[in-house]
Amino acid sequence: MDFESAPVGLDAFAAQHARLSTDPTSPFVRLASAFRRTPKSVVVLRSIGLSETFADRVDNTLLETPTDYFTALADTFQLPLPHYTAADRDQLWRQVWSQYEDFLARTTPS
């Protein structure tokens, strides 16, 4: 990494942002995720897995219903997704559930 003291505008990140947002190999394209720092923890949502890391512990929860998933997005990550229709929400839920099933298939011994 190269760090400089000169100010940098957001346009300096545009190419990398575009790649990470659109490249099929990008983890941000392959896996629905949300991240949030709080004063006492880091909260991460990957697929339907919600984890909150504190200094002394990690709390893990599976969001097993669409209601739990969208409530977490709205309440924990301030992503209420008001522009999503019921069909959009259903499609997103099916996508994150499929990502979780793929994870289980890769990590569960056969």
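It should be emphasised that the depicted structure is a prediction, and the values quoted were computed from it without experimental measurement. This chain uses plain numbering: 1 for the first residue, then up along the sequence. Atom set for the values below is all heavy atoms of this structure, side chains included, hydrogens, waters and symmetry mates excluded.
Applying the salt bridge (charged side-chain N to carboxylate O under 4.0 Å, His left out) test to R57 and every residue at least two apart in sequence or in another chain returns D59. Residues satisfying the side-chain contact (heavy atoms from CB on, under 4.5 Å) criterion with D90, sequence neighbours excluded, are R94. By the side-chain contact (heavy atoms from CB on, under 4.5 Å) test, T107 is found to be paired with F103, residues two or more places apart in sequence or in another chain being considered. When the side chain to side chain donor-acceptor pair (under 3.5 Å) test is applied to E101, the partners found at least two apart in sequence or on another chain are W97. Residues forming a side chain to side chain donor-acceptor pair (under 3.5 Å) with Q99 (at least two apart in sequence, or on another chain): none.
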**Request:** Give the C-alpha distance, both sets of side-chain angles, the deciding distance and a yes or no for side-chain contact (heavy atoms from CB on, under 4.5 Å) between V44 and S51.
**Result:** CA-CA 5 Å; V44 177; S51 66; 3.8 Å; yes
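Side-chain atoms of L45 and V96, non-hydrogen and from C-beta on, never get closer than 4.5 Å to each other.
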For residues 28-37, which side-chain N or O atoms pair as donor and acceptor with protein atoms under 3.5 Å away, sequence neighbours left out?
from	atom 1	to	atom 2	distance (Å)
R30	NH1	T25	O	2.4
R36	NE	Q78	OE1	3.3
R36	NH1	T76	O	3.1

Give every donor-acceptor pair under 3.5 Å between a side-chain atom in residues 7-19 and any protein atom, sequence neighbours left out.
from	atom 1	to	atom 2	distance (Å)
Q16	OE1	R19	NE	3.3

Can you list, pair by pair, the side-chain donor-acceptor contacts under 3.5 Å of residues 65-74, counting residues two or more places apart and other chains?
from	atom 1	to	atom 2	distance (Å)
T65	OG1	D68	N	3.0
T65	OG1	D68	OD2	3.3
T71	OG1	T67	O	2.7

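Two different hydrophobic clusters hold V43 and V58 under the rule that ILVMFWY side chains link at heavy-atom gaps under 4.5 Å.
Note that the CD atom of E52 and the CG atom of N60 stand 10.5 Å from one another [nearest 0.5 Å]. Separation of atoms OG (S41) and CZ (F54) is listed at 4.5 Å; rounding is to 0.5 Å. Of the inter-residue distances, the one linking I48 atom CD1 with L63 atom CG reads 7.0 Å to the nearest 0.5 angstrom. Residue K40 holds its NZ atom at 10.5 Å from CG of D56, rounded to the nearest 0.5 Å.
Across all non-hydrogen atoms, the minimal contact from L62 to G49 is CD2-CA, 4.1 Å.
Around CZ of R89, the count of heavy atoms belonging to other residues, nucleotides or ligands within 6.0 Å exceeds 12.
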